Amino acid sequence: AQSVTQPDIHITVSEGASLELRCNYSYGATPYLFWYVQSPGQGLQLLLKYFSGDTLVQGIKGFEAEFKRSQSSFNLRKPSVHWSDAAEYFCAVGAREYGNKLVFGAGTILRVKS
Amino acid sequence: DTAVSQTPKYLVTQMGNDKSIKCEQNLGHDTMYWYKQDSKKFLKIMFSYNNKELIINETVPNRFSPKSPDKAHLNLHINSLELGDSAVYFCASRGGGSKETQYFGPGTRLLVL
(Lines give C-alpha, C1' and ligand atoms only; values in the text may rest on other atoms or scores of the structure.)
Protein backbone atom coordinates (compact mmCIF):
# COMPACT_ATOMS: atom_id res chain seq x y z
CA ALA A 1 0.00 0.00 0.00
CA GLN A 2 1.13 3.50 -0.70
CA SER A 3 1.57 5.82 2.27
CA VAL A 4 3.18 9.12 3.12
CA THR A 5 4.20 10.09 6.63
CA GLN A 6 4.78 13.59 7.87
CA PRO A 7 5.84 12.96 11.46
CA ASP A 8 5.48 16.54 12.67
CA ILE A 9 1.92 17.81 13.01
CA HIS A 10 3.06 21.28 14.14
CA ILE A 11 6.37 23.07 13.91
CA THR A 12 7.15 26.51 15.27
CA VAL A 13 10.23 28.43 14.17
CA SER A 14 11.43 31.96 14.69
CA GLU A 15 11.47 34.32 11.76
CA GLY A 16 14.86 34.13 10.08
CA ALA A 17 15.61 30.65 11.40
CA SER A 18 16.09 27.64 9.16
CA LEU A 19 13.36 25.11 8.55
CA GLU A 20 13.17 21.42 7.75
CA LEU A 21 9.88 19.57 7.29
CA ARG A 22 10.11 15.81 7.15
CA CYS A 23 8.42 13.47 4.71
CA ASN A 24 8.81 9.70 4.40
CA TYR A 25 6.99 7.50 1.94
CA SER A 26 6.26 3.87 1.32
CA TYR A 27 5.55 3.11 -2.33
CA GLY A 28 5.62 0.05 -4.53
CA ALA A 29 6.74 1.92 -7.63
CA THR A 30 9.14 4.63 -8.74
CA PRO A 31 7.63 7.69 -7.12
CA TYR A 32 7.16 11.25 -8.18
CA LEU A 33 7.36 13.53 -5.15
CA PHE A 34 5.76 16.86 -4.46
CA TRP A 35 5.42 19.49 -1.79
CA TYR A 36 2.31 21.65 -1.72
CA VAL A 37 1.48 24.56 0.57
CA GLN A 38 -1.98 25.56 1.75
CA SER A 39 -2.69 28.88 3.45
CA PRO A 40 -5.83 29.10 5.63
CA GLY A 41 -8.97 28.95 3.52
CA GLN A 42 -6.97 28.65 0.33
CA GLY A 43 -6.22 26.01 -2.25
CA LEU A 44 -3.03 24.02 -2.77
CA GLN A 45 -0.02 25.68 -4.33
CA LEU A 46 2.84 23.61 -5.72
CA LEU A 47 6.17 24.44 -4.09
CA LEU A 48 8.40 21.95 -5.88
CA LYS A 49 8.53 18.52 -7.43
CA TYR A 50 10.92 15.65 -8.08
CA PHE A 51 10.60 13.30 -11.03
CA SER A 52 14.13 12.11 -11.71
CA GLY A 53 17.70 13.33 -12.02
CA ASP A 54 19.31 15.68 -9.53
CA THR A 55 18.06 14.71 -6.10
CA LEU A 56 18.19 18.28 -4.77
CA VAL A 57 15.35 20.30 -6.26
CA GLN A 58 14.67 23.98 -5.99
CA GLY A 59 11.21 25.41 -5.70
CA ILE A 60 9.41 28.69 -5.34
CA LYS A 61 9.71 31.06 -2.37
CA GLY A 62 13.25 29.89 -1.57
CA PHE A 63 12.29 26.30 -0.72
CA GLU A 64 14.30 23.24 -1.65
CA ALA A 65 13.92 19.52 -1.06
CA GLU A 66 16.22 16.54 -1.24
CA PHE A 67 15.18 13.09 -2.39
CA LYS A 68 16.98 10.31 -0.54
CA ARG A 69 16.01 6.96 -1.99
CA SER A 70 17.86 4.95 0.67
CA GLN A 71 15.84 6.66 3.39
CA SER A 72 12.59 6.94 1.40
CA SER A 73 12.54 10.59 2.33
CA PHE A 74 11.83 13.91 0.64
CA ASN A 75 12.43 16.59 3.26
CA LEU A 76 11.61 20.22 2.61
CA ARG A 77 14.04 22.93 3.69
CA LYS A 78 14.34 26.68 3.75
CA PRO A 79 17.41 28.52 5.08
CA SER A 80 15.57 31.55 6.45
CA VAL A 81 11.86 31.52 7.22
CA HIS A 82 9.64 34.55 6.68
CA TRP A 83 6.43 35.26 8.59
CA SER A 84 4.49 34.81 5.34
CA ASP A 85 5.61 31.16 5.23
CA ALA A 86 3.17 30.29 8.02
CA ALA A 87 0.81 27.76 6.44
CA GLU A 88 0.19 24.04 6.20
CA TYR A 89 2.58 21.98 4.10
CA PHE A 90 1.69 18.72 2.40
CA CYS A 91 4.04 16.12 1.00
CA ALA A 92 2.56 13.98 -1.79
CA VAL A 93 3.65 10.98 -3.81
CA GLY A 94 2.43 9.75 -7.16
CA ALA A 95 3.40 7.16 -9.72
CA ARG A 96 2.42 6.33 -13.26
CA GLU A 97 1.77 2.75 -12.20
CA TYR A 98 -1.04 3.97 -9.90
CA GLY A 99 -2.72 6.25 -12.40
CA ASN A 100 -0.71 9.22 -11.16
CA LYS A 101 -3.10 9.74 -8.27
CA LEU A 102 -1.47 11.66 -5.45
CA VAL A 103 -1.22 10.14 -1.98
CA PHE A 104 -0.84 12.90 0.58
CA GLY A 105 0.72 13.05 4.01
CA ALA A 106 -1.34 14.41 6.90
CA GLY A 107 0.29 17.81 6.65
CA THR A 108 2.57 19.88 8.88
CA ILE A 109 1.37 23.20 10.23
CA LEU A 110 4.16 25.77 10.31
CA ARG A 111 3.95 28.63 12.77
CA VAL A 112 6.42 31.49 12.56
CA LYS A 113 7.12 33.58 15.61
CA SER A 114 8.57 37.05 15.35
CA ASP B 1 -6.16 33.65 -16.04
CA THR B 2 -7.52 31.00 -13.67
CA ALA B 3 -6.04 27.64 -14.64
CA VAL B 4 -8.36 25.38 -12.64
CA SER B 5 -11.62 26.89 -11.45
CA GLN B 6 -14.40 25.50 -9.30
CA THR B 7 -17.93 26.65 -8.63
CA PRO B 8 -19.33 27.28 -6.18
CA LYS B 9 -16.65 28.25 -3.71
CA TYR B 10 -18.98 27.69 -0.75
CA LEU B 11 -22.00 25.41 -0.54
CA VAL B 12 -24.27 25.09 2.49
CA THR B 13 -27.14 22.66 2.21
CA GLN B 14 -29.44 20.35 4.15
CA MET B 15 -29.05 16.62 4.63
CA GLY B 16 -30.76 14.62 1.93
CA ASN B 17 -30.35 17.24 -0.79
CA ASP B 18 -28.62 16.68 -4.13
CA LYS B 19 -25.90 19.10 -5.19
CA SER B 20 -23.28 19.54 -7.90
CA ILE B 21 -19.82 21.05 -7.95
CA LYS B 22 -18.31 22.14 -11.24
CA CYS B 23 -14.68 22.15 -12.30
CA GLU B 24 -13.10 23.59 -15.41
CA GLN B 25 -9.48 23.76 -16.52
CA ASN B 26 -8.05 25.88 -19.32
CA LEU B 27 -4.63 24.23 -19.36
CA GLY B 28 -5.41 21.79 -22.16
CA HIS B 29 -4.76 18.88 -19.81
CA ASP B 30 -6.03 15.37 -20.48
CA THR B 31 -6.54 14.19 -16.92
CA MET B 32 -8.65 15.60 -14.11
CA TYR B 33 -9.14 14.56 -10.50
CA TRP B 34 -11.39 15.07 -7.50
CA TYR B 35 -9.91 15.03 -4.01
CA LYS B 36 -11.67 15.34 -0.67
CA GLN B 37 -10.10 17.16 2.29
CA ASP B 38 -11.80 16.26 5.55
CA SER B 39 -12.09 18.26 8.74
CA LYS B 40 -8.63 17.09 9.84
CA LYS B 41 -7.17 18.43 6.59
CA PHE B 42 -6.48 14.92 5.29
CA LEU B 43 -6.54 14.84 1.47
CA LYS B 44 -7.67 11.76 -0.38
CA ILE B 45 -8.23 10.97 -4.05
CA MET B 46 -11.81 10.25 -5.08
CA PHE B 47 -11.89 10.03 -8.87
CA SER B 48 -9.80 10.56 -11.95
CA TYR B 49 -10.85 10.99 -15.57
CA ASN B 50 -8.64 10.87 -18.64
CA ASN B 51 -10.16 12.26 -21.82
CA LYS B 52 -13.67 11.81 -20.41
CA GLU B 53 -12.98 8.22 -19.34
CA LEU B 54 -13.06 7.18 -15.68
CA ILE B 55 -9.69 5.70 -14.70
CA ILE B 56 -9.68 5.90 -10.89
CA ASN B 57 -12.57 5.33 -8.50
CA GLU B 58 -11.33 5.05 -4.95
CA THR B 59 -14.18 3.21 -3.21
CA VAL B 60 -16.29 6.31 -3.03
CA PRO B 61 -20.00 5.79 -2.17
CA ASN B 62 -22.12 5.62 -5.29
CA ARG B 63 -24.00 8.71 -4.09
CA PHE B 64 -21.04 10.51 -5.66
CA SER B 65 -21.12 10.54 -9.44
CA PRO B 66 -18.49 12.37 -11.48
CA LYS B 67 -19.37 13.51 -14.98
CA SER B 68 -16.99 14.70 -17.66
CA PRO B 69 -18.81 16.31 -20.62
CA ASP B 70 -15.46 17.11 -22.24
CA LYS B 71 -11.85 16.90 -21.21
CA ALA B 72 -11.84 20.45 -19.86
CA HIS B 73 -14.65 19.79 -17.38
CA LEU B 74 -15.13 17.36 -14.54
CA ASN B 75 -18.23 17.87 -12.43
CA LEU B 76 -19.13 16.12 -9.19
CA HIS B 77 -22.73 15.33 -8.37
CA ILE B 78 -23.65 14.21 -4.88
CA ASN B 79 -27.02 12.61 -4.10
CA SER B 80 -28.69 12.37 -0.70
CA LEU B 81 -26.09 14.44 1.10
CA GLU B 82 -25.00 13.27 4.54
CA LEU B 83 -23.37 15.13 7.42
CA GLY B 84 -20.12 13.26 6.76
CA ASP B 85 -19.92 14.71 3.28
CA SER B 86 -18.99 18.07 4.79
CA ALA B 87 -15.47 18.74 3.56
CA VAL B 88 -13.46 20.75 1.08
CA TYR B 89 -13.49 19.25 -2.40
CA PHE B 90 -10.56 20.00 -4.68
CA CYS B 91 -10.41 19.53 -8.38
CA ALA B 92 -7.04 19.08 -10.08
CA SER B 93 -5.75 18.60 -13.59
CA ARG B 94 -2.59 17.12 -15.06
CA GLY B 95 -0.96 17.18 -18.44
CA GLY B 96 0.07 14.02 -20.22
CA GLY B 97 3.47 12.50 -20.89
CA SER B 98 6.23 13.75 -18.67
CA LYS B 99 4.16 16.64 -17.35
CA GLU B 100 3.10 14.85 -14.20
CA THR B 101 2.38 17.88 -12.04
CA GLN B 102 -1.16 18.27 -10.80
CA TYR B 103 -2.57 21.76 -10.53
CA PHE B 104 -5.32 22.30 -8.02
CA GLY B 105 -8.40 24.46 -8.04
CA PRO B 106 -9.28 26.75 -5.11
CA GLY B 107 -11.59 24.21 -3.50
CA THR B 108 -15.30 24.05 -2.75
CA ARG B 109 -16.22 24.17 0.92
CA LEU B 110 -19.31 22.02 1.43
CA LEU B 111 -21.23 22.15 4.69
CA VAL B 112 -24.13 19.76 5.19
CA LEU B 113 -26.52 20.71 8.00
Side-chain angles (χ1 to χ4, degrees), chain A residues 1-6 8-11 21 23 25 27 29-53 57-60 65 67 74 87-110, chain B residues 2-7 9-10 21 23 25 27 29-51 53-60 66 74 87-111:
Chain A
Q2 311 104 51
S3 66
V4 178
T5 302
Q6 292 180 245
D8 304 304
I9 299 174
H10 297 99
I11 280 187
L21 302 182
C23 173
Y25 65 90
Y27 224 68
T30 303
Y32 307 128
L33 297 148
F34 307 85
W35 276 98
Y36 287 87
V37 60
Q38 185 179 30
S39 297
Q42 301 298 311
L44 293 159
Q45 182 182 23
L46 179 70
L47 282 177
L48 48 76
K49 59 197 176 191
Y50 172 79
F51 294 140
S52 64
V57 293
Q58 303 296 321
I60 62 171
F67 172 55
F74 188 57
E88 188 155 13
Y89 292 78
F90 292 93
C91 180
V93 179
R96 195 168 289 159
E97 290 86 346
Y98 297 118
N100 291 294
K101 67 177 182 182
L102 291 181
V103 176
F104 283 85
T108 298
I109 296 172
L110 172 64
Chain B
T2 305
V4 184
S5 59
Q6 295 179 229
T7 53
K9 191 170 182 180
Y10 299 96
I21 306 171
C23 177
Q25 53 96 1
L27 298 166
H29 287 167
D30 294 327
T31 307
M32 297 182 72
Y33 302 81
W34 278 109
Y35 289 84
K36 178 181 180 181
Q37 185 175 44
D38 63 23
S39 58
K40 296 183 179 176
K41 298 292 191 71
F42 188 67
L43 275 151
K44 189 165 183 206
I45 182 78
M46 298 175 71
F47 299 104
S48 173
Y49 268 72
N50 181 272
N51 273 324
E53 181 182 346
L54 179 67
I55 56 173
I56 294 174
N57 182 342
E58 286 282 310
T59 61
V60 177
L74 180 61
V88 182
Y89 292 84
F90 286 101
C91 177
S93 76
R94 180 182 65 82
S98 61
K99 300 173 186 175
E100 306 294 350
T101 302
Q102 289 186 30
Y103 295 93
F104 284 78
T108 295
R109 284 144 186 84
L110 171 64
L111 178 61

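Not measured: the values here are computed from a predicted model. Labels below follow one simple rule: chain letters A, B, ... track the order of the sequence lines, proteins then strands, and each chain is numbered from 1.
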Which bit of A:Lys101 comes within less than 4.5 Å of chain B, counting heavy atoms only: side chain, backbone, both or neither? both
Answer yes or no: is there a donor N or O on one side and an acceptor on the other, between the side chain of B:Trp34 and the main chain of B:Cys23, under 3.5 Å? no
Which bit of B:Ile56 comes within less than 4.5 Å of chain A, counting heavy atoms only: side chain, backbone, both or neither? side chain
Angle class for the A:Phe104/A:Tyr36 ring planes (parallel below 30°, perpendicular above 60°, tilted otherwise)? tilted
Among B:Phe90, B:Phe104, B:Tyr89, whose ring-ring contact (aromatic ring centres under 6.0 Å, His included) with B:Tyr35 holds? B:Phe104
Interface moiety of A:Gln38 toward chain B, non-hydrogen atoms closer than 4.5 Å: side chain
Counting only non-hydrogen atoms closer than 4.5 Å, does A:Leu44 touch chain B with its backbone (N, CA, C, O), its side chain (CB onward), both, or neither? both
Based on non-hydrogen pairs under 4.5 Å, which of A:Val103, A:Asn100, A:Leu46 is most in contact with chain B? A:Asn100
Check this for me: A:Ile9, atom CD1, are more than 12 non-hydrogen atoms of other residues, nucleotides or ligands nearer than 6.0 Å? no
When you measure from the side chain of B:Tyr49 to the backbone of B:Pro66, do you find a donor-acceptor pair of N or O atoms at a distance under 3.5 Å? yes
If I measure from the heavy atoms of chain A, does B:Gln37 come under 4.5 Å with its side chain, its backbone, both, or neither? side chain
